[in-house]
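Single-structure report; data block below.
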Amino acid sequence: MNAMVDLPPRLAEIVDDFRLTEGREKLELLLEYSDSLPPLPDWLREQPAEMEAVPECMTPVSVAAEINNGGMNFYFTVPEESPTVRGYASILAEGLRGVTPEAVVQLPSDFYLRMGLQQVLSIQRMNGMAGMVAHIKRLALGKIHS
């Protein structure tokens, strides 16, 4: 049985890519994702107050969510000088794009451990990742009940 069946398809692919890399390759892949963090859409650039801080992150991270055709889109702001956090935000944005709020809420809270990043990142970074996952799940829950 595939251990990724509980993840949305694109996120499962990303997690699997990381699972298959070792050591320094994991960091290099994370840095590649850092470069692909999508820019904020116009409506968020014009209304930055719509972004919510993720206080669990040592790095200043903000996130916003919207529903588009029944699927979620997550938008993050993360400083350029925090490439590992930017990379993880980019993974969440890409891996969950278009996924229903219900599927986001069902996301295993520690799915990122399957990526093996705990081998190359500090405990503080891992705690920040847990905080980002908890925050997007809460935003998705809010979309279900709105």
Side-chain angles (χ1 to χ4, degrees), residues 2-69 71-101 103-143:
N2 183 351
M4 305 297 166
V5 294
D6 59 343
L7 298 178
R10 179 63 188 128
L11 186 59
E13 289 174 20
I14 294 169
V15 169
D16 209 38
D17 287 346
F18 274 90
R19 193 180 55 76
L20 296 172
T21 62
E22 295 191 17
R24 185 109 190 108
E25 292 176 337
K26 288 184 189 299
L27 280 178
E28 290 169 8
L29 188 55
L30 193 58
L31 294 178
E32 285 177 33
Y33 276 98
S34 173
D35 292 336
S36 65
L37 182 66
L40 295 180
D42 289 341
W43 67 272
L44 274 175
R45 279 196 300 275
E46 294 165 9
Q47 298 179 355
E50 295 292 317
M51 304 284 295
E52 294 184 21
V54 180
E56 298 87 350
C57 287
M58 291 175 57
T59 299
V61 174
S62 295
V63 61
E66 72 174 346
I67 296 276
N68 190 357
N69 294 322
M72 303 275 322
N73 288 316
F74 293 98
Y75 303 103
F76 294 88
T77 59
V78 182
E80 300 263 340
E81 57 274 8
S82 298
T84 56
V85 179
R86 282 179 66 83
Y88 191 65
S90 181
I91 288 166
L92 290 173
E94 181 180 331
L96 298 173
R97 184 177 303 120
V99 173
T100 66
V104 174
V105 170
Q106 295 299 315
L107 193 65
S109 295
D110 63 352
F111 81 88
Y112 57 88
L113 294 175
R114 302 176 198 176
M115 300 166 77
L117 292 173
Q118 63 274 24
Q119 299 164 14
V120 294
L121 296 179
S122 69
I123 190 70
Q124 290 91 347
R125 290 281 182 244
M126 298 305 293
N127 288 340
M129 290 180 183
M132 291 168 75
V133 171
H135 210 87
I136 63 170
K137 289 175 76 167
R138 189 177 56 72
L139 289 173
L141 192 59
K143 297 294 183 187

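For reference, positions follow the sequence shown, starting with 1. Source: prediction; values computed, not measured.
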Distance check, rounded to the nearest 0.5 Å: [X] atom [atom1] versus [Y] atom [atom2]?
X	Y	atom1	atom2	result
Q118	L113	CD	CG	5.0 Å
E32	I91	CD	CD1	10.5 Å
E25	D17	CD	CG	11.5 Å
L29	K26	CG	NZ	9.0 Å
L11	D16	CG	CG	11.0 Å
T100	K143	OG1	NZ	14.0 Å

Does any part of the side chain of [Y], heavy atoms only, come nearer than 4.5 Å to the side chain of [X], both counted from C-beta?
X	Y	value
F76	L37	yes
L139	H135	yes
M72	V99	no
Y33	E94	yes
T59	R125	yes
L44	Y75	yes

Flag the pair R10 and E13 as a salt bridge only when some basic side-chain nitrogen lies within less than 4.0 angstrom of an acidic carboxylate oxygen.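 Counted as a salt bridge, because a side-chain N and a carboxylate O are separated by less than 4.0 Å.
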Which residues pass the side-chain hydrogen bond (donor to acceptor under 3.5 Å, both in side chains) test with S90, sequence neighbours left out?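 Checked S90 against side-chain hydrogen bond (donor to acceptor under 3.5 Å, both in side chains); matches are S36.
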Could you tell me which residues satisfy side-chain hydrogen bond (donor to acceptor under 3.5 Å, both in side chains) with R24, sequence neighbours excluded, listed by chain and number?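 Per chain and number, R24 pairs via side-chain hydrogen bond (donor to acceptor under 3.5 Å, both in side chains) with no residue.
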Got a sec, which pairs hit salt bridge (Lys or Arg N to Asp or Glu O under 4.0 Å) with one end in residues 45-59, sequence neighbours left out?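 Found D42-R45, E52-R138.
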For L30 against Y88, the heavy-atom pair lying closest together: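 Reported closest heavy-atom pair: CD1-N, 3.7 Å.
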Yes or no on side-chain contact (heavy atoms from CB on, under 4.5 Å) for M129 and L121, after CA distance, side-chain angles and deciding distance? CA-CA 11 Å; M129 290 180 183; L121 296 179; 3.2 Å; yes
